[in-house]
Asks: 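Mind having a look at this structure? Questions to follow.
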Amino acid sequence: MAEKTRITPQAENYPEWYQDVIREADLAEVAKVVKGCMVIKPHGYAIWERIQAELDRRFKATGHKNAYFPLLIPMSFIMKEAEHVEGFAPELAVVTHAGGKPLEKGEEYCIRPTSETIIGHFFGKWITSYRDLPLLINQWANVIRWELHTRMFLRTTEFLWQEGHTAHSTHDEALEEVLHILDIYGAFAQDWMAMPVVRGRKTDSEKFAGADASFCIEAMMRDGKALQAGTSHDLGQNFGKAFDVKFQTEAGGTDFVWQTSWGVSTRLVGGLIMTHSDDTGLILPPRLAPIQAVIVPIYRKDGEKAEVMAVAEKLKADVAAAGVSVELDAREGQRPGDKFYEWERKGVPIRIELGPRDIAEGSVMTRLRVAEGKEKMPLATLARDLPAALEGFQAALLERARRFREERSVQVDTWSDFLDVFKDGASRFVWAHWDGTRETEAAVKDETKVTIRCVPLPGEGPAPEPGKCIKTGRPSAQRVLFARAY
RNA sequence: CGGGGCGUGGCGCAGCCUGGUAGCGCGCCAGCUUUGGGAGCUGGACGUCGGAGGUUCAAAUCCUCUCGCCCCGACCA
């Protein structure tokens, strides 16, 4: 029988493949009626909810508290921090009319593109003493940035995220917070998303508008491009000064607070898709899969149906009791083959087939989402063994992703080799020397569209060794990460 | 904003050149037969052909304007 090709193969057209996977897994659709926006459908939103739940747990475990600030920000606030204005002004959506009347100049609001300014304002009201510090706040919210090019999950006009905002009495403490959060992001990406990341510092030209330094985690997608999956910023005293957030120090003087901000967004869902999925559809790591296991009952006659469904219901209850999120696909009118393909497209990690033959043998046929064949497992102990099987699958996905990345990571020492790696729009992770100047970085970008993703933190990437800049030949202390990026 | 493309049942498309009263596939609904890797047959529902104006006896088709979307470039989590 002819295989239905609902999903464009990755090798044929990667962007098409990405869109197809999202459609076939029923994660989201382009809103169309609202420019650049998307509708996150239940299966996609459920993944985001699982991401939220785990990150929220980790933030709270490290002393952060959730709060909520207004969606609308006075335009005057945005104007207060020079670099911030310059960075965000072009992509603001501004409210110019309200209550049936135009707003006066100076009364306009923008819809938040990020909340440093309005949170800075309130920090100024809340903080008076070193005893009020550190102040550790997180907000789950939506933001709007008027992007020219949008792609579902990766870059949409409106997106969901969390933004952490903290204030500290010393720069050392603020920097510690910035790096601590980066570790949380890195650990989450690796342990929950099964997505290996490189932790690093952004170059000056890539850093957040208004930050002294930006740190990031960078992941490799299956086309070799890099995805910035999370950022953590050392804001210095920039916003403290702009919003007059002063405090009395223990010694009796006054100082401006040292702030940080950090965030991850629904972009993570895009990263998840592009880290694991294949030409059959979505692949989800069990820890983030809304449905971890699906039971597909198989029967011919009504008599068989009653027996199979009874056993299936019992199995479902046992599996659920073992802590596994399980669904029994009892839909009529669809043959098992249909259901198999559907759940594969949706990325369910393990499928359990249960029919009269299995019941007679006291077993079930199982199949992991990434596997050659099926495995027979005893019915009696399945519920007990399933959690371990899922953990094994989680680990296997991480290992697979890690191997994929390593195979596409190279150290490059000459400009011609560099051009060769990135020719025809290809991308890999290239570790190469850079002279540290903005000019050289810009020259590389202009010529190749390749950017420096980050300067790796200690322990990331190749061990630091001096060398010569790939473009200018000038001295360099360590290799940095180059790649095409989303 | 520059270059290219496209708007026709829910989705994907044909029809347009050469005007004649809208068709195909998938999906959907009903019934029967099926059900261990994408089922078959029969019957059925669903369209102001993106919008406005014009030419004409007659416009999905020709002309003008307009709106929207997609792809490629400059901004970005």
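Lettering of chains follows the sequences in order, A, B, ..., and the numbering in each one begins at 1.
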Asks: Evaluate Asp278(A) against Arg369(A) for salt bridge (Lys or Arg N to Asp or Glu O under 4.0 Å), listing each step before the verdict.
Replies: CA-CA 10 Å; Asp278(A) 61 16; Arg369(A) 177 59 180 79; 2.8 Å; yes
Asks: Output the distance between atom CD1 (Ile359(A)) and atom CD (Glu361(A)), rounded to the nearest 0.5 Å.
Replies: 11.0 Å
Asks: Look at the side chain of Met365(A) and decide which nucleotide, out of G36(B), A77(B), G37(B), has an atom nearest to it.
Replies: G36(B)
Asks: Sticking with atom C1', work out how far U61(B) lies from G19(B), rounded to a whole angstrom.
Replies: 6 Å
Asks: Have Thr150(A) and Thr156(A) got a donor and an acceptor in their side chains that come within less than 3.5 Å?
Replies: no
Asks: Could you check which of A77(B), G73(B), G37(B) has an atom nearest any side-chain atom of Lys449(A)?
Replies: G73(B)
Asks: Taking a pair as Watson-Crick (N1 to N3 plus N6-O4 or O6-N4) or G-U wobble (N1-O2 and O6-N3), both under 3.5 Å, which stems of 3 or more consecutive pairs involve RNA chain B?
Replies: B:1-7 with B:67-73, B:10-13 with B:23-26, B:28-33 with B:39-44, B:50-54 with B:62-66
Asks: Any ring-ring contact (aromatic ring centres under 6.0 Å, His included) involving residues 286-312 of chain A? Give me the pairs, sequence neighbours left out, ordered by first then second residue.
Replies: none
Asks: Taking salt bridge (charged side-chain N to carboxylate O under 4.0 Å, His left out) as the definition, give me every residue that meets it alongside Arg267(A), ordered by chain and number, with sequence neighbours left out.
Replies: none
Asks: Among the candidates C70(B), C75(B), G36(B), find the nucleotide nearest to the side-chain atoms of Glu147(A).
Replies: C75(B)
Asks: Over all strands shown, is Thr156(A) touching base, sugar-phosphate only, or nothing at heavy-atom distances under 4.0 angstrom?
Replies: base
Asks: Sticking with atom C1', work out how far U64(B) lies from U21(B), rounded to a whole angstrom.
Replies: 24 Å
Asks: What distance, rounded to whole Å, do you find between the two C1' atoms, one in C72(B) and one in A58(B)?
Replies: 42 Å
Asks: Starting the side chain at C-beta, find the nucleotide from G37(B), G36(B), C70(B) nearest to Lys374(A).
Replies: G37(B)
Asks: Output the residues of residues 180-210 of chain A in contact with RNA chain B, where contact means a heavy atom of the residue under 4.0 Å from an atom of the strand; sort by number or write none.
Replies: none
Asks: Below 30° counts as parallel, above 60° as perpendicular, anything between as tilted: where do the rings of Phe59(A) and Trp140(A) land?
Replies: tilted
Asks: Taking for each residue the nucleotide of RNA chain B with the nearest heavy atom, is it Glu91(A) or Gln19(A) whose nucleotide lies nearer the 5' end?
Replies: Gln19(A)
Asks: Using atom P of each nucleotide, how far apart are C6(B) and C63(B) to the nearest Å?
Replies: 14 Å
Asks: With Arg453(A) as the cation and Phe482(A) as the aromatic partner, state whether NZ or CZ is under 6.0 Å from the six-membered ring centre and within 45° of the axis.
Replies: no
Asks: Between Arg50(A) and Glu54(A), is the closest basic N to carboxylate O distance under 4.0 Å?
Replies: no
Asks: If you check every side-chain atom of Asp338(A), which of A77(B), A39(B), G36(B) has the closest atom?
Replies: A39(B)
Asks: Please output the side-chain donor-acceptor pairs of residues 73-91 of chain A that fall under 3.5 Å, not counting sequence neighbours, one pair per line with the distance.
Replies:
| residue | atom | partner | partner atom | Å |
| --- | --- | --- | --- | --- |
| Glu81(A) | OE1 | Glu83(A) | N | 3.2 |
| Glu81(A) | OE1 | His84(A) | N | 2.9 |
| His84(A) | ND1 | Ala209(A) | O | 3.1 |

Asks: Rounded to the Å, how far apart are Leu354(A) CG and U35(B) C1'?
Replies: 15 Å
Asks: Less than 4.0 angstrom between a side-chain N/O of Lys339(A) and OP1 or OP2 of G36(B), yes or no?
Replies: no
Asks: Could you check which of G73(B), A77(B), G36(B) has an atom nearest any side-chain atom of Arg335(A)?
Replies: G36(B)
Asks: How would you label the contact of Arg151(A) with the nucleic acid (heavy atoms, under 4.0 Å): base, sugar-phosphate, or nothing?
Replies: nothing
Asks: Before accepting this row, confirm whether a basic side-chain N of the pair Lys374(A)/Glu353(A) lies closer than 4.0 Å to the acidic partner's carboxylate O.
Replies: yes
Asks: Taking any heavy-atom pair under 4.0 Å as a contact, classify Pro356(A): base, sugar-phosphate, or nothing.
Replies: base
Asks: Check RNA chain B against residues 282-300 of chain A and give the residues with a non-hydrogen atom under 4.0 Å, in numerical order.
Replies: Ile298(A), Tyr299(A), Arg300(A)
Asks: Quick one: pull up CE in Met193(A) and CD1 in Ile51(A) and give me the separation to the nearest 0.5 Å.
Replies: 5.5 Å
Asks: In this structure, how many angstroms lie between the C1' atom of G37(B) and the CZ atom of Arg357(A), rounded?
Replies: 12 Å
Asks: Rounded to whole angstroms, how far apart are CD on Glu332(A) and C1' on G31(B)?
Replies: 15 Å
Asks: To the nearest Å, give me how far apart CG (Asp26(A)) and P (C11(B)) are.
Replies: 15 Å
Asks: Using the aromatic ring of Phe159(A) (for Trp, its six-membered ring), decide whether it stacks on the base of A77(B) within the limits of 5.5 Å and 30°.
Replies: yes
Asks: So which nucleotide from G73(B), G37(B), A39(B) ends up closest to the side chain of Phe340(A)?
Replies: G37(B)
Asks: Measure from NZ or CZ of Arg408(A) to the centre of the six-membered ring of Phe404(A) and say whether it is under 6.0 Å with the direction within 45° of the ring axis.
Replies: yes
Asks: As a test of reading the structure: which of A74(B), G36(B), A77(B) is closest to the side chain of His149(A), going by heavy atoms?
Replies: A74(B)
Asks: To the nearest Å, give me how far apart CH2 (Trp146(A)) and C1' (C1(B)) are.
Replies: 16 Å
Asks: Roughly, in whole Å, what's the span from CE in Met221(A) to C1' in A77(B)?
Replies: 13 Å
Asks: May I ask you to say what Gly355(A) touches in the nucleic acid, namely base, sugar-phosphate or nothing, with a heavy-atom cut-off under 4.0 Å?
Replies: base
Asks: Report which part of the nucleic acid Leu268(A) touches: base, sugar-phosphate, or nothing (heavy-atom distance under 4.0 Å, all strands).
Replies: nothing
Asks: Output the single nucleotide from A77(B), G36(B), C70(B) whose closest atom is nearest the side chain of Asp358(A).
Replies: G36(B)
Asks: Starting at the 5' end of RNA chain B, which residue's closest nucleotide do you reach first, Glu342(A) or Arg23(A)?
Replies: Arg23(A)
Asks: If the P atom of A30(B) is compared with that of G20(B), how far apart are they to the nearest Å?
Replies: 38 Å
Asks: I'd like to know whether CZ of Arg331(A) has more than 12 heavy-atom contacts from other residues, nucleotides or ligands below 6.0 angstrom.
Replies: yes
Asks: Expressed in angstrom and rounded to an integer, what is the separation of Glu24(A) atom CD from C26(B) atom P?
Replies: 16 Å
Asks: Test for a donor-acceptor pair under 3.5 Å between the base of G37(B) and the side chain of Glu344(A), counting only N and O atoms.
Replies: yes
Asks: Check whether the side chains of Gln292(A) and Ser325(A) place a donor and an acceptor atom closer than 3.5 Å, and report yes or no.
Replies: no
Asks: Take atom C1' in A14(B) and the same atom in G25(B), then report the distance between them in whole Å.
Replies: 10 Å
